[in-house]
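Here's the structure, in structure tokens; my notes come after.
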Amino acid sequence: MKNLQELLFTKNLRRSFLVFTFMAVLSVTLVLTMTGSRIYIDSIEEHAYASTAEMQNQVQKSVDLKLEDIEKTLKLLGESRAVQGYLVVDEEREQGKRVELETEVRNLLLEYSAVHRDYLNIVLASSLGHYLSNDSYRIQKQDLSEEKWYQDAVRAEGRPVVISTSIGRNLQDWRNYSSDSYVSVAQAIYGTKSQELIGVALIDLDKRSIQSLVGDITLGQTGFVFIMDSKGNILYTPENKVVYRINPAWFLEAQSGSFKCRIQEDQYRIIYNQSEYTRLTTVGLYDMGKTIEGVSRVQRVSVLLAVLCCGVALVWSALFSKTITTPISNLSRLMKRAQTGDLTVRFDNHYQGEIGQLGDAFNAMVDKINELLRLVYAEQKQKREAEMKILREQIKPHFLYNTLDSIQWMAKRYQAKDIVETVRALSNFFRICLSSGKEYITLREEMSLVRSYLDVQKFRYEDLFEYEPFCPEELLGCEVPRLIIQPLVENALYHGIKESDQERGNIRIRIEKEEPDILLILVMDDGAGMSAKECGRLNKILRMEERPEEIRAFGVRNVHDRIRFSYGEAYGLFYRPGTGGGTIAEIRLPLKGRRDRNTEEKDDVENRDCG
């Protein structure tokens with residue numbers, strides 16, 4: 001007993017797993033013998049069903065292709081110049097023309113019947129009363145346009161009509177074919193110019209051509225396939241006593257389906273599908289009883305084996321699950337908590353063997369993730385600070401500002417007004433850029449900087465563009481990060497206006513308040529513009545969802561990163577196509593306050609009110 005316990009409850013997980021797996025497999029094998037008969041029966045029935053459905057679909061497709069070929073023949077025949085002329089010829093006034101056309105059409109019908117051996121008869125019936133056929137004659141003088149097959153074809157309005165029986169038809173074949181030896185297909189013919197009904201074409205198809213498609217198909221010992229028309233008439237069936245005991249009303253509820261029914265004390269499975277093209281219903285059926293013969297003995301043996309193995313399987317399964325599932329379930333719950341972001345979880349590892357190794361590996365993984373997150377956060381913070389420092393260094397040329405001031409006074413001395421205005425605008429631009437090292441300036445200062453920049457550009461490009469800044473008076477006192485509008489205006493000028501085909505462009509800067517407490521800055525141009533796909537890619541670059549090797553959008557990315565660094569992830573820069581062309585750059589800022597990203601306290605907010 002002690003040796004058995006050591007074998008079953010060994011500390012080595014692999015050995016324990018092998019022992020319990022052997023017992024479980026043995027038990028499952030015994031259980032399968034109990035359920036095997038049921039599975040076997042279901043498998044046989046499913047196979048019979050699938051085989052019948054496949055055969056039935058193949059038959060339907062073959063019949064559809066055959067009738068489609070007939071429809072093409074009828075269409076070619078109806079569009080023939082000779083047939084069109086014959087169907088509208090006046091018998092009394094155009095005797096000579098009628099004889100000529102009749103000869104030509106008759107030869108045409110003979111050619112079609114020679115090519116298509118399964119076309120027993122081809123009939124052309126004119127709406128004027130005369131007709132022509134390659135192998136039949138009219139029994140009575142009654143006009144063929146009064147025949148039911150003719151009227152059915154007219155009502156179908158150009159679609160082919162399948163006629164399962166020719167009983168009562170006012171036509172007799174010269175070769176005296178039996179009425180159940182062929183199937184007829186009729187189609188209305190319309191004038192190519194007038195588009196009015198001029199007659200009907202009829203083809204008698206030899207049923208042996210359908211039999212060649214269906215006749216060799218057998219479904220098990222007693223199964224077969226037959227075809228019905230839309231009215232429930234049997235179009236084709238092999239010789240079988242069961243088919244005539246099937247009620248056509250069974251197939252009227254749906255276009256396709258399957259059901260079981262009892263016919264002459266036998267249980268049958270019936271599968272049917274109606275063709276959308278021909279409206280013919282293809283039916284496959286087989287005797288379910290004969291399909292599963294020989295399974296009863298397997299059932300009896302399976303029941304006996306099931307009784308023997310049931311208890312054994314339950315005992316071994318319980319022992320196996322208890323030794324394995326408990327620690328693994330605990331570890332699984334901890335993994336789910338870690339997946340949701342709780343990286344404080346630890347596995348209380350008092351196990352030995354493989355489960356103990358899994359627990360140690362999980363704890364080491366969580367510790368490593370925590371360490372990596374700290375490193376990534378520190379690296380990103382250092383990267384942002386370095387980028388901001390680089391940008392500040394790029395826009396702090398004090399000596400240039402002083403030099404420009406000297407140039408302005410010299411230009412005044414020589415009365416060079418254009419140079420004076422240009423240098424004044426450029427000096428103002430650099431003065432606001434420097435802003436005594438301040439990171440935040442008012443919208444009044446930012447808008448003045450943008451105007452100075454655009455004035456300098458207008459001196460350079462003269463009539464290339466016009467600009468229209470707008471900011472409500474009550475918003476001019478709002479503090480914003482320095483240099484967040486000018487890079488967007490520069491992009492609008494160089495990548496929008498200059499790359500456009502129009503002679504003069506427009507740049508509009510609008511600043512407005514969006515409820516409840518959002519400051520919205522829009523830079524709009526009517527230049528070359530970007531597609532929605534290009535805007536989406538640029539937005540992904542700004543959100544760091546996509547980082548190509550060569551990043552040309554350094555300026556706008558820097559604006560976006562500084563806003564997010566100052567105010568949080570909910571704010572930043574977004575691009576979208578303009579409704580009338582061009583591009584719209586949208587900045588979203590809070591009206592009051594910015595989140596201090598340099599401290600760990602989430603509620604440490606430095607209020608910067610508008611006023």
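Computed from heavy atoms alone, side chains included, the values below leave out hydrogens, waters and symmetry copies.
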>> Within 45 degrees of the ring normal and closer than 6.0 Å to the centroid, is that where the cationic atom of Lys458 sits relative to Phe465?
In response: yes
If we only count heavy atoms from C-beta on, is the [X] to [Y] side-chain gap below 4.5 Å?
{"X": "Leu522", "Y": "Ile509", "answer": "no"}
{"X": "Val556", "Y": "Tyr575", "answer": "yes"}
{"X": "Met524", "Y": "Arg510", "answer": "yes"}
{"X": "Leu519", "Y": "Lys513", "answer": "no"}
{"X": "Glu54", "Y": "Gln58", "answer": "yes"}
{"X": "Leu334", "Y": "Phe362", "answer": "yes"}

May I ask you to decide whether [X] forms a salt bridge with [Y], counting only side-chain N to carboxylate O separations under 4.0 Å?
{"X": "Glu569", "Y": "Arg564", "answer": "yes"}
{"X": "Arg444", "Y": "Glu473", "answer": "yes"}
{"X": "Glu586", "Y": "Arg588", "answer": "yes"}
{"X": "Arg482", "Y": "Glu446", "answer": "no"}

| field | salt bridge (Lys or Arg N to Asp or Glu O under 4.0 Å) between Arg346 and Asp367, intermediate numbers included | value | CA-CA 9 Å; Arg346 293 294 183 276; Asp367 292 335; 2.4 Å; yes
Hydrogens and angles aside, do [X] and [Y] bring a side-chain donor and acceptor to less than 3.5 Å of each other?
{"X": "Thr282", "Y": "Asn273", "value": "no"}
{"X": "Asp455", "Y": "Tyr467", "value": "yes"}
{"X": "Arg374", "Y": "Asn370", "value": "no"}
{"X": "Tyr571", "Y": "Ser566", "value": "no"}

Other residues, nucleotides and ligands only: do more than 12 of their heavy atoms fall within 6.0 Å of CD on Glu514? yes
Review point. Around Glu503, counting heavy atoms of other residues, nucleotides and ligands shown, do more than 12 lie under 6.0 Å from its CD?
Key: no
Between Gln255 and Ser275 the two heavy atoms that sit nearest each other are NE2-C, 4.4 Å
CA sep, side-chain torsions, deciding dist, call: Asp342, Thr340, side chain to side chain donor-acceptor pair (under 3.5 Å) = CA-CA 6 Å; Asp342 183 5; Thr340 60; over 6 Å; no
query = Would you say Gln486's side chain and Tyr453's backbone share a donor-acceptor pair under 3.5 angstrom?
reply = no
Counting N and O atoms only, with roles assigned by atom type, does the side chain of Asp526 sit under 3.5 Å from a partner on the main chain of Asn506, one being a donor and the other an acceptor?
yes
